[in-house]
Structures are given as C-alpha cells and as structure tokens.
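Here is how names work: the chains are called A, B, and so on, in the same order as the sequence lines, proteins then strands, and each is numbered from 1.
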Amino acid sequence: MSAVGVHWFRYGLRLHDNAPLLKAISSCSTLIPLYIIDTDYFTPSSCGINRMGFLLDSLKALDEDLREKGSKLFVAKGKPCDILRTIIQQNKVEILTFERDTEPYNRAMDESVFSMAESLKIDVSALWGHTMFDPEYLLGLNNGSAPLTMTSFQKLMYVTGHPPKPLDPPGKITPPPEGPLRCEGVHLFPNPPSLEDLNEFNFKQEDKTTWFVAGEKEAMKVMEKFFAQKRRTANFEKPKTSPTALEPDTTALSPYMSRGSLSSRLFYHRLKDTVKDFKNASKPPVSLQGQLYWREMAYLIGFSTPNFSQMKGNPICKQIPWQTGPDAKILLEKWESGQTGFPAVDAVMNQLKTEGWMHHLARHLVACFLTRGDLWVSWEMGRDVFDKHLVDADWSINNFSWHWLSCSAFFHQYFRCYSPIAFFKKTDPNGAYIKKHVPMLSKFPAKYIYEPWTAPKATQEACGCVIGRDYPKPMVDHSTVNKINMGKMKKAYDAAKPLDRGKKRETDGKDSPAKRKQSTLSNFSEKRINC
DNA sequence: TCCCGAGTTGAGCAA
DNA sequence: CTTGCTCAACTCGGG
C-alpha cells in the first residue's frame with residue numbers, strides 16, 4: 001500500500017459511481033488525479049468555445065470536489081500517451097486506473113496505454129463505467145452483435161434486468177504527492193485552466209455564452225429538481241415535449257451525462273425510485289428510462305460497428321450520394337451560421353451557437369434540412385458542426401442521430417420529412433422561439449414569422465427587416481427541392497436493395513425499369529457467388 | 001419463402 | 001382542440 005498511483009480522468013468526471021477511482025484509492029498511498037486535454041482530439045477547428053468552456057468548468061468543479069476530500073486535480077495538455085509515460089516514469093508510479101471507452105479514437109489510445117504500461121511493468125485497471133452495462137457483456141448476450149432496432153434492444157434490456165447499483169463516492173481520497181509533480185517536458189497547468197490559458201484557441205471568457213453550469217454537484221441539483229416533479233417524471237414522453245420551449249422542456253441533463261459528471265446508473269436507479277408508485281407511468285422508448293435505452297443502444301452500436309462515424313465502409317449505413325465538395329461547403333456554412341432564410345432552421349442553429357444545446361426535435365429539424373430534406377449535404381459535415389458547438393457533444397449519440405435523420409440507418413421512412421415552415425407551428429404558433437433566437441425578426445406578426453418573405457414589402461419595412469437585405473431570402477424552395485430529394489432517396493434505396501430479392505423482381509413484370517435493371521444485376525451477382 | 005405489423009417525434013386534410 | 005386517414009415512396013423481424 002505504499003505505491004504511487006495515477007487515476008486518469010477522461011469521461012467519468014465525477015466522484016460517485018467511479019469504479020476505477022475507488023480502485024485507485026484502495027490500492028495506493030499517493031494518488032495523482034490527472035486530466036489531459038488531448039490536443040489531437042480538441043483542436044481550434046473541431047472544438048468551439050462553449051464546448052471547451054463547459055469541459056473546463058467541469059474540470060474546475062471536479063478539482064473543487066477533490067479538494068474537499070483532501071486531493072486535487074492535475075491538468076496537463078498534449079498527447080495523453082506521452083504525458084502518462086512521463087508522469088509514470090518520473091514519479092515512480094506503479095498503478096494506473098482509468099475508465100474504458102467505446103469511441104474508436106479512445107480505444108486505440110487504450111491499446112497504446114496498455115502496451116506502454118506493460119513495457120513499464122506497471123499495474124493497470126481499466127473499467128467500464130460510462131454506460132449502464134459493459135458493452136462487451138451486452139454483445140455477448142446478443143450473439144456478438146448490437147441490436148439495430150429499439151424493439152430488439154428493449155428485449156435485450158429485458159434479459160439484463162436492472163443495471164448494477166451506482167457506487168458511492170469515496171469518503172476520503174488518497175492524498176496527492178507532497179510538493180510539485182515531477183513532469184519535465186509536460187505542459188502542466190498550475191491550476192485547472194481557463195479558456196484564456198489555452199492560447200492556441202484564442203478564446204475569450206466573455207465570448208462563452210452557454211448558460212449551462214458544469215460539474216457533478218450541479219448535475220445532482222438539476223436531476224433532483226426534475227425528479228421532485230414526480231408526475232412529470234413518471235409521465236414523461238419525449239415526442240410530446242416541446243422543441244420550441246424557451247426553457248428546456250426536457251431534463252437538460254445531457255451535458256452532464258456526456259462528460260460523465262452524472263452516472264447513467266445513478267440516473268436509472270433514482271428514476272426508478274421516483275416513479276415506483278405510478279401505475280400508469282410512461283414506458284420505453286418514450287419514457288425517461290427509454291431515453292437511457294437510446295443512449296445505451298447508440299453506445300453499443302458505436303462500439304461494434306466498423307467506421308460508424310462515416311458512410312464509406314460502414315456496413316449499416318445506406319450509401320447515398322450526398323454533396324461533399326466545395327458546393328456543399330457553401331451550403332453548410334449558410335446552415336451553420338443561421339443564414340438559410342428559414343427562421344425555424346436559423347433559430348435552432350443560433351441556439352446551438354449561443355447555448356450549446358437544443359431540444360432533440362430541434363436537432364431533427366435542422367439535420368433533416370441539411371441532408372435528405374433540403375440541402376442534400378453529407379450528414380458527416382453536419383455531425384461535425386454539432387460536435388463542435390454542443391456542450392453535450394457525444395460521439396456515439398451524435399453519429400447515431402445523424403444516421404437516423406438522414407435515413408442512412410435505423411429510420412427508413414424518408415417520405416416522412418420535416419417542414420422548415422410547418423414543424424414548429426405546432427408548438428409555437430406565435431413564433432416566440434424564433435423571435436428569441438432570430439431577433440432581427442422580432443417585430444414580424446405571427447402570420448409571417450415562419451415565412452417572412454411572404455410578408456408585404458410595407459410590412460417588412462414596418463418591422464425594420466426587409467427580406468433579402470436585412471435577413472436572407474430562403475436559400476431553397478422547400479417543396480420543390482424536397483420532392484427532388486425524395487426521388488434521389490428512392491434511387492439510393494433501390495440501388496441498395498438486397499441481392500437475394502433479385503429472383504422475384506425478374507418475374508414481376510410490373511416492376512419499374514430501375515428495379516428490373518437491379519434485379520438482373522442481382523441475379524448475376526448471385527450466380528457468380530454460387531459458382 | 002412470403003406476408004404483415006411495427007416503427008419514440010411528418011404534413012395536410014377532414015371530421 | 002383532438003383523432004384518423006392518406007400520401008408514391010421504407011426496412012426489419014417475427015410468424
């Protein structure tokens with residue numbers, strides 16, 4: 001028990017339900033709690049100020065929580081593997097603990113860390129903890145593959161039963177080394193850094209606009225405040241919540257879940273306890289428990305699907321000829337900067353920039369608009385924009401959702417399409433949400449708020465906003481371009497029809513020429529395989 | 001092999 | 001106001 005240990009925080013920025021941290025505490029006499037800002041993962045082009053600001057605030061909160069228990073957080077910047085090696089060698093570290101992760105980038109890093117630890121002959125404990133269940137356990141229960149529908153995922157959850165109970169936070173934490181940490185050549189911050197301390201990003205604290213308050217304690221507060229509304233918790237139905245509410249109509253816990261400031265197991269069991277007396281409580285997939293299932297499913301699919309973050313080489317992703325070149329870049333830029341000319345779309349994109357968060361259905365609207373609905377831009381490009389600005393940026397869930405919305409996987413009814421004009425009228429007929437996030441339009445009457453270009457010129461003048469001068473004209477004609485895109489979707493789907501249906505198609509004289517052509521090709525392929 | 005029902009969250013219209 | 005139907009158009013999975 002006289003060993004020096006390092007607990008490397010990545011996600012799992014919390015003290016409760018943190019198995020690798022508890023392991024470290026119980027097995028060493030000096031403990032270095034360490035976070036490394038990975039400068040390959042976070043770059044100025046991939047990470048915006050609100051996302052980074054929320055992360056840094058989470059680190060600051062974690063440092064304070066550690067200090068209350070006799071420890072502190074060391075924060076370094078650079079390449080995690082190099083930094084870990086230096087700190088391990090220079091401080092005679094014998095034990096390394098961290099939470100395992102499902103993202104390909106982090107898994108590759110885990111492998112390097114494992115082999116580095118082996119060569120340095122130190123003890124490593126890497127444990128799962130970001131999801132309710134170990135992903136390897138779930139895959140094992142399901143013949144080694146991830147369910148691709150919620151129905152089949154729910155069956156899997158029926159087999160597992162409840163997830164394990166969350167672990168209690170440690171009472172006391174093994175103290176850090178006395179005196180400064182030995183880490184020659186490592187960029188170690190004297191304290192958890194501020195935005196200004198990351199000089200390559202050129203961030204200014206006053207440009208951070210998200211209202212989310214970071215940290216484990218805040219996460220608990222937000223969660224308990226929501227669960228205190230027992231009926232609301234029990235009757236929660238996600239599709240019935242409002243994407244245009246000025247205050248989040250959902251729990252808004254996603255930023256804490258994504259950083260691991262809140263454990264999904266703790267949320268699960270607190271939820272179960274809260275709704276236990278309600279006979280007619282809502283059920284998955286629409287209930288709050290269902291929301292945890294969606295998260296778990298996205299993580300499992302992200303874990304087990306090759307090339308999940310791209311279309312090419314991704315076995316579950318429909319191959320669709322999206323625009324990706326310079327033309328797409330121009331469209332993407334208008335979309336990202338809230339200049340599409342559709343107030344609903346622009347409001348959501350502005351909320352993304354200012355708050356770093358939008359309601360799930362608002363994300364649907366703009367994702368559909370960018371891809372299959374209107375602009376026909378690759379979902380991967382939209383995914384990157386979300387990832388850059390969201391305070392709840394989450395690799396698995398973000399990729400999962402972009403598959404869904406672009407009808408690339410999981411959801412296939414491409415003829416069901418969100419209207420950038422009609423969709424928000426259901427929950428916000430007066431356009432209060434639009435007026436908040438596109439202030440230029442705040443004087444427009446409700447009648448024209450979703451289609452300001454249809455307002456008479458005199459009205460536009462009176463509202464102090466002339467369309468085409470002060471606010472853009474709509475960049476596409478939605479109903480025209482939408483019909484064209486559905487045709488393209490049909491073509492892409494036809495081209496992807498399974499080979500083994502060829503025979504039936506060949507004998508079916510009523511099939512379209514496109515289908516017949518496909519069937520001929522299919523039979524040909526089938527024969528070749530059989531030879 | 002084929003058929004059919006289900007699929008968290010569409011729009012537009014009629015009743 | 002809600003509910004139900006149609007719209008050209010889907011795939012998956014279970015029986």
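Using bins of under 30°, 30° to 60° and over 60° for the plane-to-plane angle, the ring pair F303(A)/W128(A) lands in the perpendicular bin. Between H359(A) and W357(A), the angle of the ring planes goes over 60°, which puts this pair in the perpendicular group of the 30/60° scheme.
Note: CZ (R416(A)) to C1' (dC5(C)) measures 13 Å, nearest angstrom. Put simply, CG on N482(A) is 18 Å from P on dC7(C), counting in whole angstrom units. As rounded to whole Å, 15 Å separates atom P of dT11(C) from atom CD of Q319(A). When rounded to the nearest whole Å, the span between NE2 of H359(A) and P of dT8(B) equals 17 Å. Across the protein-nucleic acid pair, M150(A) atom CE and dT9(B) atom P stand 12 Å apart, rounded to whole Å.
Separating the P atom of dA8(C) from that of dT8(B) is a span of 25 Å, rounded to the nearest Å. Comparing dA6(B) with dG4(C), their P atoms are spaced 15 Å from each other, to the whole Å.
Considering only side-chain atoms of F415(A), the nucleotide from dT8(B), dC12(C), dC10(C) that sits closest is dC10(C).
Within 4.0 Å of Q291(A), counting heavy atoms only, lies at least one base atom of the nucleic acid. Residue K426(A) is classed as a sugar-phosphate contact, given heavy-atom separations below 4.0 Å to backbone atoms only. Within 4.0 Å (heavy atoms only), F423(A) reaches sugar-phosphate atoms of the nucleic acid but no base atom.
For F342(A) and W453(A), the ring centers are positioned less than 6.0 Å apart.
By the 5.5 angstrom centroid cut-off and the 30-degree plane limit, Y493(A) is classified as not stacked against the base of dC10(C).
A donor-acceptor pair shorter than 3.5 Å can be found between the side chains of D346(A) and T340(A).
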